[in-house]
Trainee: 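Here's a structure for you.
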Amino acid sequence: MVLKSVTESFAKTIHGLKAGHLTDRAIQRSKRMILDTLGAGFLGTSTEVFHTASQYSKIYSCNISSTVWGRPDIRLPPTYAAFVNGVAIHSMDFDDTWHPATHPSGAVLPVLTALAEALPRSPKFSGLDLLLAFNVGIEVQGRLLHFAKEANDIPKRFHPPSVVGTLGSAAAASKFLGLSLTKCQEALAIAVSHAGAPMANAATQTKPLHIGNAAKHGIEAAFLAMLGLQGNKQILDLEAGLGAFYANYSPKVLPNLHSYSWLLDQQDVAFKRFPAHLSTHWVADAAACVRKRLVAEKTLLPIDHIKRIVLRIPNVQYVNRPSPDSEHEARHSFQYIACAMLLDGGITVPSFHECQINRPQVRELLSKVELEYPQDNLPSFNTLYCEISVTLKDGATFTDRSDTFYGHWRKPLSQEDLEEKFRANASRKLSCDTVESLIKVVKNLEDLEDCSVLTTLLKGPSPPEVASNSPACNNSNTQFLLRLTNI
């Protein structure tokens with residue numbers, strides 16, 4: 001078969017990839033991504049933006065419905081269940097990050113759990129069906145990002161999940177629903193007309209909507225394609241198509257299915273140790289090392305003795321927030337992360353509560369922070385570094401540098417620590433038994449015969465049951481995340 005376009009090659013790949021194409025490495029890495037994404041989603045159900053999105057979505061109803069993770073009292077049409085779960089996943093910026101820069105999982109996983117639960121099928125959707133569709137959704141995002149050189153850098157104009165995430169969502173839904181090659185091509189075209197959100201909404205409550213909308217719009221694109229809606233069959237080939245989002249857009253036909261190589265085999269993702277923009281993890285890592293030299297065991301940081309704090313970082317303006325006023329701004333502030341780590345010796349979920357952000361000690365330290373942008377420190381998650389220097393009033397200066405933090409793809413979290421992160425996040429909504437059951441199900445997902453086993457666990461406690469907040473289930477939450485930020 002002679003392919004006429006890049007778009008057609010994507011449709012052929014989405015339609016043609018089978019479970020037999022999956023490699024052991026792709027399966028293992030994607031299961032880690034799924035577990036981490038579920039944990040971020042459960043944790044995110046406690047946020048104000050999740051509450052707003054779920055309240056809005058309740059105005060919609062239909063004859064089929066899907067679960068909002070951890071909220072058995074809320075059932076929504078599958079498009080809106082995917083939307084709300086996507087919002088929850090990104091509500092604290094605690095989800096995974098890939099290179100070229102995007103958050104790949106949050107736009108895809110909610111689509112598949114919503115469809116698996118809502119749509120009747122015989123035989124049932126299996127865990128292998130879910131893994132294949134998930135990997136297709138991740139793969140499409142990665143391939144599209146490689147079409148533009150600017151995608152290698154931390155974004156400046158469009159938030160990548162709102163662009164490639166929407167197409168990855170459409171690809172995953174198309175694969176899961178068994179769409180024909182032609183319908184897959186139409187779904188991609190429709191999805192492009194749903195794509196795009198500006199970086200100006202970073203560090204606001206609107207940014208999590210980018211992930212939720214990508215999930216929702218992907219399902220909608222697949223459904224509309226099934227109903228016969230048509231779009232431009234060369235949407236990925238054209239500068240006026242997907243190329244409208246990127247300068248120097250250079251699309252390429254995908255590899256032949258007979259020798260297909262998954263990008264996830266070649267490039268792992270980063271898993272975050274605390275809920276903030278990925279670039280701030282280098283800052284936290286370097287600040288933790290400086291703190292150890294400044295502070296003796298169980299002694300407070302000598303704030304009065306500090307004259308100046310210099311951060312040498314890449315020039316990423318939307319993470320340059322010298323005086324953050326909200327949790328979302330604090331998650332996108334090089335300055336706040338450095339000061340919080342210097343003060344507390346660790347960063348956890350409560351570090352972004354308003355009372356923590358507005359502490360007098362934090363404000364005093366923030367006033368002493370200066371930024372420098374070394375020319376060799378490029379704004380790429382694959383190459384950036386952070387160097388921090390703390391100068392005391394007596395003239396002594398303490399400097400440390402982080403080139404790679406624990407959790408980055410070059411220094412991945414161990415399976416043990418990944419599971420502990422999941423426990424810390426999910427146990428805020430689920431019982432200990434349900435948390436452990438989910439870990440086991442995801443660990444053996446390729447052997448799961450019926451995805452309803454997974455989607456039933458995702459519902460969480462049944463009313464009037466309340467998720468366990470007992471010390472046995474939750475006392476490790478802060479301790480675990482605190483330990484991770486000190487590794």
Side-chain angles (χ1 to χ4, degrees), residues 29 33 90 93-107 138-139 141-165 168 197-200 202-203 207 210-211 242-243 245-252 263-274 276-287 310-321 331-335 337-338 371-388 400-413:
R29 285 181 171 176
M33 294 163 72
H90 197 56
D93 221 316
F94 213 178
D95 45 333
D96 56 20
T97 304
W98 209 15
H99 177 76
T102 195
H103 304 285
S105 300
I138 302 301
E139 181 74 4
Q141 295 178 69
R143 293 289 177 180
L144 293 174
L145 286 168
H146 279 85
F147 290 171
K149 184 178 180 180
E150 70 176 276
N152 288 311
D153 295 339
I154 297 172
K156 293 180 180 178
R157 296 189 301 145
F158 294 99
H159 194 206
S162 73
V163 181
V164 298
M199 287 306 304
K207 185 173 178 245
H210 299 174
I211 301 287
L242 187 68
F245 296 101
Y246 298 104
N248 302 314
Y249 182 70
S250 181
K252 297 177 179 64
L263 289 179
L264 196 55
D265 270 338
Q266 306 164 36
Q267 176 70 64
D268 202 355
V269 301
F271 296 112
K272 298 179 179 179
R273 299 170 295 157
F274 55 85
H277 191 269
L278 190 72
S279 62
T280 66
H281 285 62
W282 279 271
V283 174
D285 199 41
V310 177
L311 304 180
R312 300 178 185 92
I313 52 175
N315 188 357
V316 183
Q317 285 305 306
Y318 75 94
V319 198
N320 173 9
R321 299 183 185 272
R331 299 182 199 282
H332 294 76
S333 171
F334 289 126
Q335 296 92 328
I337 296 301
L371 303 185
E372 293 181 359
Y373 306 120
Q375 290 187 351
D376 67 336
N377 201 353
L378 302 178
S380 167
F381 291 137
N382 209 34
T383 60
L384 75 82
Y385 64 86
C386 172
E387 186 174 279
I388 180 172
D400 218 303
R401 169 171 163 155
S402 174
D403 293 296
T404 302
F405 62 87
Y406 182 49
H408 191 271
W409 45 81
R410 289 192 296 271
K411 194 176 181 182
L413 286 185

Trainee: Check step by step if side chain to side chain donor-acceptor pair (under 3.5 Å) holds for His277 and Asp93.
Mentor: CA-CA 6 Å; His277 191 269; Asp93 221 316; over 6 Å; no

Trainee: Report yes if some heavy atom in the side chain of Gln335 is under 4.5 Å from a heavy atom in the side chain of Leu371; otherwise report no.
Mentor: yes

Trainee: Any Lys/Arg nitrogen of Asp403 or Arg410 sitting under 4.0 Å from an Asp/Glu carboxylate oxygen of the other?
Mentor: no

Trainee: Just so I know, are the side chains of Phe334 and Ser279 near enough to count as touching, which here means a heavy-atom distance under 4.5 Å?
Mentor: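 Yes. Closest side-chain heavy atoms under 4.5 Å.
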
Trainee: Taking all non-hydrogen atoms of both residues, which atom of Ile211 and which atom of Ala107 are closest, and how far apart?
Mentor: CG2-N, 3.9 Å

Trainee: Nearest 0.5 Å please: distance from the CG atom of Leu413 over to the CG atom of Asp268.
Mentor: 10.0 Å

Trainee: Report yes if some heavy atom in the side chain of Phe381 is under 4.5 Å from a heavy atom in the side chain of Trp282; otherwise report no.
Mentor: yes

Trainee: Could you grab the distance from atom CG of Asn377 to atom SG of Cys386, nearest 0.5 Å is fine?
Mentor: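 Taking CG in Asn377 and SG in Cys386, the distance rounds to 8.0 Å.
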
Trainee: If the plane angle is over 60° it's perpendicular, under 30° parallel, otherwise tilted; pick one for His281 and Phe405.
Mentor: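 Tilted.
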
Trainee: For the residue pair His103 and His159, categorise the inter-ring angle as parallel (less than 30°), tilted (30 to 60°) or perpendicular (more than 60°).
Mentor: perpendicular

Trainee: Testing Leu378, Leu278, Ile154 for side chain to side chain contact (heavy atoms under 4.5 Å, CB included) with Leu384, which one passes?
Mentor: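 Only match with Leu384 under side chain to side chain contact (heavy atoms under 4.5 Å, CB included): Ile154.
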
Trainee: Would you say Arg143 and Leu263 make side-chain contact, with heavy atoms under 4.5 Å?
Mentor: yes

Trainee: Would you say Lys149 and Asn248 make side-chain contact, with heavy atoms under 4.5 Å?
Mentor: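 Side-chain contact under 4.5 Å: no.
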
Trainee: Is the closest side-chain heavy-atom distance between Leu145 and Val163 below 4.5 Å?
Mentor: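 Contact flag for Leu145/Val163 side chains = no.
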
Trainee: For Asp376, does the CG atom have more than 12 heavy-atom neighbours from other residues, nucleotides or ligands under 6.0 Å away?
Mentor: yes

Trainee: Where is the tightest heavy-atom contact between Arg321 and Ala202, given as atom of each residue plus distance?
Mentor: NH2-O, 3.7 Å

Trainee: If you look at every heavy atom in His210 and Pro198, which pair is closest and at what distance?
Mentor: CE1-O, 3.7 Å

Trainee: Rounded at 0.5 Å granularity, tell me how far NE2 in His408 sits from CG in Asn382.
Mentor: 6.0 Å

Trainee: Decide if atom NZ of Lys252 counts as having more than 12 heavy atoms of other residues, nucleotides or ligands within a radius under 6.0 Å.
Mentor: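 Check passes, neighbour count above 12.
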
Trainee: Under the salt bridge (Lys or Arg N to Asp or Glu O under 4.0 Å) rule, collect the residues that match up with Asp96, sequence neighbours excluded.
Mentor: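 Per chain and number, Asp96 pairs via salt bridge (Lys or Arg N to Asp or Glu O under 4.0 Å) with no residue.
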
Trainee: How close do Pro155 and Ala101 get, heavy atom to heavy atom, and via which atoms?
Mentor: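 Looking at all heavy atoms of both residues, the shortest contact is CD-CB, 4.1 Å.
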
Trainee: If we ignore hydrogens and angles and just use 3.5 Å, is the side chain of Ser380 paired with the main-chain N or O of Asn152 as donor and acceptor?
Mentor: yes

Trainee: Testing the basics here: between Pro379 and Asn315, what is the closest heavy-atom pair and its distance to 0.1 Å?
Mentor: CB-O, 4.4 Å

Trainee: State, with a plain yes or no, whether a side-chain heavy atom of Asp285 is found less than 4.5 Å away from one of Arg273.
Mentor: yes

Trainee: Let me confirm one number: the NZ-NE2 distance from Lys207 to His90, rounded to the nearest 0.5 Å.
Mentor: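 Reported to 0.5 Å precision, the distance equals 3.0 Å.
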
Trainee: Report yes or no: does Ser402 contribute a side-chain atom to a donor-acceptor pair with the main-chain N or O of Ala286 at less than 3.5 Å?
Mentor: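 Not at all, since once roles are kept as given, no pair shorter than 3.5 Å links the two residues.
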
Trainee: Which distance, rounded to the nearest 0.5 Å, do you find between the CH2 of Trp98 and the CG of Leu264?
Mentor: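 Between atom CH2 of Trp98 and atom CG of Leu264 there are 5.5 Å.
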
Trainee: Can you give me the closest heavy-atom contact between Ala276 and Thr280, atom names plus distance?
Mentor: CB-OG1, 3.6 Å

Trainee: Within the distance-only criterion (no hydrogens, no angle test), does the side chain of Arg401 pair as donor or acceptor with the backbone N or O of Tyr385 below 3.5 angstrom?
Mentor: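 No; judged by distance alone, with no hydrogens or angles, the pair does not exist.
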
Trainee: Quick one: NE2 on His146 to NE2 on His99, what's the gap to the nearest 0.5 Å?
Mentor: 6.5 Å

Trainee: Relative to each other, are the rings of Phe245 and Phe158 parallel, tilted or perpendicular (30° and 60° limits)?
Mentor: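 Perpendicular: the ring planes of Phe245 and Phe158 meet at over 60°.
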
